[in-house]
*Asks:* 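Below is the structure I would like to discuss, written out as structure tokens.
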Amino acid sequence: MAQSVKGTRDLFGNELEWFQRIEDTARRAFHRHGYSEIRTPILEEIEVFKRSVGESSDIVHKEMYDFKDKGDRHVAMRPENTAGVVRAVIQHQMLATSDPQLLYYIGPMFRYERMQAGRYRQFWQIGAESFQVSTPESEAESLVMLYDFLKELGLTQLTFSINSVGTPECRPAFHEAFRAFFKTREEQFCADCHRRIAENPLRVLDCKNERCQAALEGHPVLVDYLDEASRAHHERLKEILGALGIPFVENPRLVRGLDYYTRTAFEVLSSDLGAQSALLGGGRYDGLVKQLGGPQVAAFGWSIGLDRLAMLMQQLHGNAPRKPAPILIPLGASATLKAIQLARACWAQGLDLVLETRGANLKKALTTANRVGAPLALILGDGELEQGVVAVKDLAAGTQETWNLAEVPAKLSATRA
RNA sequence: GCGGAUGUAGCUCAGUUGGUUAGAGUACUGGAUUGUGAUUCCAGGUGUCGCCGGUUCAAAUCCGGUCAUCCGCCCCA
């Protein structure tokens, strides 16, 4: 039997209901804040990711889902969408004016990884990117949007971890201090950290090895090495988040797995997600647009894992709420013709109504109606047809009443409210 | 990429030191009831025992490979 490709899966039923509910909630939040959707290709030239995410990152290093196409182009399935959005924004000259560009996306991403619960080769992200706004206020705006979106979904226990990773100008001073610190106790660090200290010293900070974390005790803190503007930026963001009541903690060891971040970096982890605890992350990336061939502009963004968010919703709230439609059961040929016309009148008014079209007997039809959770069964047989009525059975209560055919749409409409 | 497990009915799972005809619950189908579901009673399919190969008189069981899933690490969403 044919099977879905490893690490990919079909979305349907209850899980998809959560996906849709989350997506709808996110879209409303984005639109409230003036963000516009952008849909970029799943395939990009691999260079787009190498030049943005960073050659040294694991994503490019070992997780890229890449291949050569028939034209011998080296392409990759996008592992994240910031690079693609930046490429599109440059390609379409969307930064020709100095106006802010506020964009969001929802779509599948691909990383070639070993499978685990909550970690897939095709997974979904919802994300926001804002260009040409550099202030801490703009970051707070984006974070408030994110926070209120999560709150609307009923997630109130989440705390943002934030840090500032500085700028390319002030980071060298930190690197120097940090390497000096590392040297005083380098024998206590793992092999990976020895590799990291050379390639990307910041990543030593979030090594998961307990011994390394212990060895980091008293390490130089990034925030102390920020230039004055970055420090003020960081302080102002914290001030605003505090004033808005958004729960956050400062985490001086928070660095992100992507190389392009500057100044603000943040993430949210959830212990309810098992080993794959990262739920969302983001930050400022003021250098990336230029790095990909565009103008020097400020940029800020985040993305959230839709699969993991749906998993969280399932754990916290159980199955997604859904409301099956009432079902209309005709009995006999003449009643069936009338039933189709009646259903059409209801559909024309935007009402949900499922038509039983199998010609099934009443027993079977009611069994099905009960199983799918229909709230009402409208029964239209020859007897009802003669009297111009339908029998309406409330499947939860077991009670039954009679409606005139003409008043069915209005009555259905009333029960839906 | 590294390490460790699991795979039997649609679903959740039993299945003894290898033994002849493979099980339970649930779900499903039909009937008790040809116009009344969900409750009850009766009857009944539930199947490539993941796949391929090997050992054996004999494999769901042991061995190898493979595919898929799960857990830990790495990393991330």
Side-chain angles (χ1 to χ4, degrees), chain A residues 1-9 13 22 53-54 56-64 78-82 105-127 190-193 195-196 200 203 206-210 212 254-258 267-270 273-282 301-312 327 329-332 335 356 359-385 390-400:
Chain A
M1 186 174 43
Q3 243 177 334
S4 52
V5 170
K6 184 185 179 80
T8 68
R9 68 202 207 288
I22 291 165
V53 178
S56 74
S57 70
D58 273 14
I59 289 177
V60 167
H61 194 234
K62 67 174 194 184
E63 294 167 2
M64 200 72 91
R78 60 186 186 193
E80 54 104 48
N81 207 22
T82 297
Y105 58 84
I106 299 176
M109 310 295 158
F110 300 82
R111 291 181 199 174
Y112 199 89
E113 292 196 271
R114 189 69 170 266
M115 294 303 302
Q116 226 169 299
R119 190 174 69 183
Y120 309 101
R121 288 185 176 177
Q122 176 179 341
F123 60 100
W124 292 68
Q125 284 188 335
I126 299 175
C190 66
D192 280 338
C193 281
R195 180 176 53 75
R196 293 188 185 109
N200 192 347
R203 299 209 53 79
D206 71 347
C207 181
K208 301 301 184 296
N209 189 312
E210 281 183 27
C212 295
L254 189 161
V255 297
R256 305 273 309 144
L258 289 63
E267 63 188 19
V268 172
L269 309 181
S270 171
L273 293 171
Q276 307 308 319
S277 59
L279 177 63
L280 66 92
W302 48 261
S303 68
I304 183 164
L306 187 42
D307 311 73
R308 290 178 187 178
L309 187 50
M311 192 189 308
L312 207 50
I327 189 162
I329 304 167
L331 302 167
E356 168 62 72
N361 63 39
L362 183 57
K363 183 188 180 71
K364 192 178 181 66
L366 282 174
T367 302
T368 300
N370 184 61
R371 190 148 55 218
V372 302
L376 296 178
L378 281 59
I379 302 161
L380 181 59
D382 290 336
E384 285 82 6
L385 192 58
V390 285
V392 179
K393 178 154 190 154
D394 183 321
L395 288 166
T399 57
Q400 192 163 320

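Labels below follow one simple rule: chain letters A, B, ... track the order of the sequence lines, proteins then strands, and each chain is numbered from 1. Quick caveat, the model's predicted, so the values are computed rather than measured.
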*Asks:* Which value, in whole Å, describes the distance between the C1' atoms of nucleotides B/G47 and B/A24?
*Replies:*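 The answer is 15 Å between these two C1' atoms.
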*Asks:* Once rounded to the nearest 0.5 Å, what's the spacing between atom CD1 of A/I329 and atom NZ of A/K393?
*Replies:*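 A/I329 CD1 to A/K393 NZ: 10.0 Å, rounded to 0.5 Å.
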*Asks:* NA contact type, A/G7, heavy-atom cut-off 4.0 Å: base, sugar-phosphate, or nothing?
*Replies:*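 Touches sugar-phosphate only.
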*Asks:* Measure the distance from CG on A/D382 to P on B/U36 and round it to the nearest whole Å.
*Replies:*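 Interatomic distance, CG of A/D382 to P of B/U36: 15 Å.
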*Asks:* Should A/N81 and A/S303 be marked as a side-chain contact (heavy atoms from CB on, under 4.5 Å) after you check the CA-CA gap, both sets of side-chain angles, and the distance that decides it?
*Replies:* CA-CA 9 Å; A/N81 207 22; A/S303 68; over 6 Å; no
*Asks:* With heavy atoms under 4.0 Å as the rule, sort A/Q122 into base, sugar-phosphate or nothing.
*Replies:*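 The answer is nothing, as A/Q122 stays clear of every strand by at least 4.0 Å.
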*Asks:* Can you check the A/N370 CG to B/G37 P distance for me, whole Å?
*Replies:*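 One finds 10 Å between P of B/G37 and CG of A/N370, rounded.
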*Asks:* Test for a donor-acceptor pair under 3.5 Å between the base of B/C75 and the side chain of A/R203, counting only N and O atoms.
*Replies:*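 For A/R203, whose side chain was compared with the base of B/C75, there is no donor-acceptor pair (under 3.5 Å).
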*Asks:* Taking atom C1' of B/A68 as reference, at what distance in whole Å does atom CZ of A/R121 sit?
*Replies:*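 The answer, rounded to whole Å, is 11 Å.
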*Asks:* Write down the distance separating the P atoms in B/A59 and B/C52, rounded off to the nearest Å.
*Replies:*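 B/A59 and B/C52 have their P atoms separated by 14 Å.
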*Asks:* Hey, could you give me the CG/CG distance between A/L280 and A/L306, rounded to the nearest 0.5 Å?
*Replies:*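 A/L280 atom CG to A/L306 atom CG measures 12.5 Å (nearest 0.5 Å).
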*Asks:* How long is the span from the CG atom in A/L380 to the CD atom in A/E356, to the nearest 0.5 Å?
*Replies:*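 Interatomic distance, A/L380 CG to A/E356 CD, rounded to 0.5 Å: 13.0 Å.
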*Asks:* Over all strands shown, is A/E80 touching base, sugar-phosphate only, or nothing at heavy-atom distances under 4.0 angstrom?
*Replies:*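 A/E80: no heavy atom of the nucleic acid under 4.0 Å.
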*Asks:* Side-chain N or O of A/K393 versus OP1/OP2 of B/U36: is the shortest distance under 4.0 Å?
*Replies:*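 Checking B/U36 against A/K393, no side-chain N or O comes under 4.0 Å of OP1 or OP2.
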*Asks:* Find the distance A/N81:CG to B/C76:C1' and express it as a whole number of Å.
*Replies:*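 About 16 Å, once rounded to whole Å.
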*Asks:* Can you check each nucleotide of nucleotides 28-34 of chain B against protein heavy atoms at under 4.0 Å and return B for base, S for sugar-phosphate only, - for none, in 5' to 3' order?
*Replies:* SSS--B-
*Asks:* When you measure from the side chain of A/M115, which nucleotide among B/U36, B/C70, B/C74 comes out closest?
*Replies:*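 Output: B/C70.
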*Asks:* Taking N and O atoms by type only, does the side chain of A/R114 place a donor or acceptor under 3.5 Å from a partner on the base of B/C70?
*Replies:*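 Side chain to base: no pair below 3.5 Å.
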*Asks:* Using the side-chain contact (heavy atoms from CB on, under 4.5 Å) rule, take A/F123 and A/R308 through it: C-alpha gap first, then chi angles, then the decisive distance, then the call.
*Replies:* CA-CA 9 Å; A/F123 60 100; A/R308 290 178 187 178; over 6 Å; no
*Asks:* Could you tell me whether A/R256 contacts a base, only the sugar-phosphate backbone, or nothing, with contacts defined as non-hydrogen atoms closer than 4.0 Å?
*Replies:*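 If one applies the 4.0 Å heavy-atom cut-off, A/R256 turns out to touch the sugar-phosphate alone, with no base involved.
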*Asks:* Please state the C1' separation for the pair B/C57 and B/U12 - nearest whole angstrom.
*Replies:*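 Rounded to whole Å, the distance is 37 Å.
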*Asks:* Can you spot which of A/E63, A/R119, A/K6 makes a side chain to side chain contact (heavy atoms under 4.5 Å, CB included) with A/R114?
*Replies:*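 Testing A/R114 for a side chain to side chain contact (heavy atoms under 4.5 Å, CB included) against A/E63, A/R119, A/K6 leaves exactly one candidate, A/R119.
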*Asks:* Which is more 5' along RNA chain B, the nucleotide nearest A/L380 or the one nearest A/I304? Just name the residue.
*Replies:*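 The residue whose closest nucleotide sits nearer the 5' end is A/L380.
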*Asks:* How far does CG of A/L378 sit from CD1 of A/I327, to the nearest 0.5 angstrom?
*Replies:*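 Between A/L378 CG and A/I327 CD1, I get 10.0 Å after rounding to 0.5 Å.
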*Asks:* Round to a whole Å and report the spacing from CG of A/L362 to C1' of B/G35.
*Replies:*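 Between C1' of B/G35 and CG of A/L362: 5 Å.
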*Asks:* RNA chain B: A/V5 or A/I59, which has the more 5' nearest nucleotide?
*Replies:*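 Mapping each residue to its closest nucleotide by heavy atoms, the 5'-most match is A/V5.
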*Asks:* Using whole Å, report how far CG of A/L254 lies from P of B/C75.
*Replies:*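 Rounding to the nearest Å, CG of A/L254 and P of B/C75 are 14 Å apart.
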*Asks:* To the nearest Å, give me how far apart CZ (A/R9) and P (B/A68) are.
*Replies:*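 So the two atoms are 16 Å apart, to the nearest Å.
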*Asks:* At 4.0 Å (heavy atoms only), tell me whether A/D394 reaches a base, stays on the sugar-phosphate, or touches nothing.
*Replies:*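 No contact.
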*Asks:* State whether the distance check finds a donor on one side and an acceptor on the other, under 3.5 Å, for side chain A/Q3 versus base B/G50.
*Replies:*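 By the distance-only test, no, there is no pair.
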*Asks:* Would you mind telling me which of B/G35, B/C76, B/A68 lies closest to the side-chain atoms of A/A391?
*Replies:*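 Closest nucleotide among those given: B/G35.
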*Asks:* On a whole-Å scale, what distance lies between the C1' atoms belonging to B/A22 and B/U61?
*Replies:*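 12 Å, rounded to whole Å.
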*Asks:* For RNA chain B, produce a single dot-bracket line, 5' to 3'. Pairs: Watson-Crick or G-U wobble, both distances under 3.5 Å. Symbols: ( ) within strand, [ ] crossing, | other strand, . unpaired.
*Replies:* (((((((..((((.....[...))))((((((.......))))).)...(((((..]....))))))))))))....
*Asks:* Tell me, with the steps shown, if A/V53 and A/T82 meet side-chain contact (heavy atoms from CB on, under 4.5 Å).
*Replies:* CA-CA 9 Å; A/V53 178; A/T82 297; over 6 Å; no
*Asks:* Remember a base hit wins even if backbone is also touched, and classify A/K62 as base, sugar-phosphate or nothing at under 4.0 Å, heavy atoms.
*Replies:*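 It contacts base atoms.
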*Asks:* I'd like to check the side-chain hydrogen bond (donor to acceptor under 3.5 Å, both in side chains) partners of A/E113; sequence neighbours left out, ordered by chain and number.
*Replies:*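 Checked A/E113 against side-chain hydrogen bond (donor to acceptor under 3.5 Å, both in side chains); zero matches.
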*Asks:* Please pick, from B/C73, B/U36, B/A77, the nucleotide with the shortest atom-to-atom distance to any side-chain atom of A/Q116.
*Replies:*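 Of B/C73, B/U36, B/A77, B/C73 is nearest to the side chain of A/Q116.
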*Asks:* Which listed nucleotide (B/C74, B/G35, B/C71) is nearest to the side chain of A/D58?
*Replies:*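 Of the candidates, B/C74 comes closest.
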*Asks:* Tell me, please, which residues at least two apart from A/Q122 pass side-chain contact (heavy atoms from CB on, under 4.5 Å).
*Replies:*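 A/Q122: side-chain contact (heavy atoms from CB on, under 4.5 Å) contacts with A/T8, A/P108, A/F110, A/W124.
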*Asks:* Hey, what do you get for CD1 (A/I126) to CD1 (A/I304), rounding to the nearest 0.5 Å?
*Replies:*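 A/I126 atom CD1 to A/I304 atom CD1 measures 6.5 Å (nearest 0.5 Å).
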*Asks:* Any stacking of A/W124 on B/A77, going by centres under 5.5 angstrom and planes within less than 30 degrees?
*Replies:*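 Not stacked by the 5.5 Å and 30° rule.
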*Asks:* Between B/C70, B/A77, B/C73, which nucleotide has the shortest distance from any of its atoms to the side chain of A/Q125?
*Replies:*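 Nearest nucleotide to the side chain: B/A77.
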*Asks:* If the condition is salt bridge (charged side-chain N to carboxylate O under 4.0 Å, His left out), which residues does A/R9 pass it with, not counting sequence neighbours?
*Replies:*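 Salt bridge (charged side-chain N to carboxylate O under 4.0 Å, His left out) list for A/R9, sorted by chain: A/E15, A/D307.
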*Asks:* With heavy atoms under 4.0 Å as the rule, sort A/I379 into base, sugar-phosphate or nothing.
*Replies:*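 Base contact.
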*Asks:* Can you check the distance between B/G50 and B/C70, where both ends of the measurement are the C1' atom (answer in whole Å)?
*Replies:*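 It works out to 15 Å between them.
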*Asks:* Between P on B/C73 and CZ on A/R119, what's the gap in Å once rounded to a whole number?
*Replies:*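 My rounded result for the distance is 10 Å.
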*Asks:* Just to verify, what does A/R256 make a salt bridge (charged side-chain N to carboxylate O under 4.0 Å, His left out) with, not counting sequence neighbours?
*Replies:*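 Scan of A/R256 (salt bridge (charged side-chain N to carboxylate O under 4.0 Å, His left out), adjacent residues dropped) gives A/E267.
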*Asks:* Please give the distance between the C1' atoms of B/U56 and B/C63 as a whole number of Å.
*Replies:*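 Pairwise C1' distance, B/U56 against B/C63, rounds to 12 Å.
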*Asks:* Go through the N and O atoms of the side chain of A/E113 and the base of B/A77, and report whether any donor-acceptor pair is under 3.5 Å.
*Replies:*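 Between B/A77 and A/E113, which were checked side chain against base, a qualifying N/O pair under 3.5 Å is present.
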*Asks:* Quantified in whole Å, what is the P atom distance between nucleotide B/C49 and nucleotide B/A43?
*Replies:*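 Comparing P positions in B/C49 and B/A43 gives a spacing of 29 Å.
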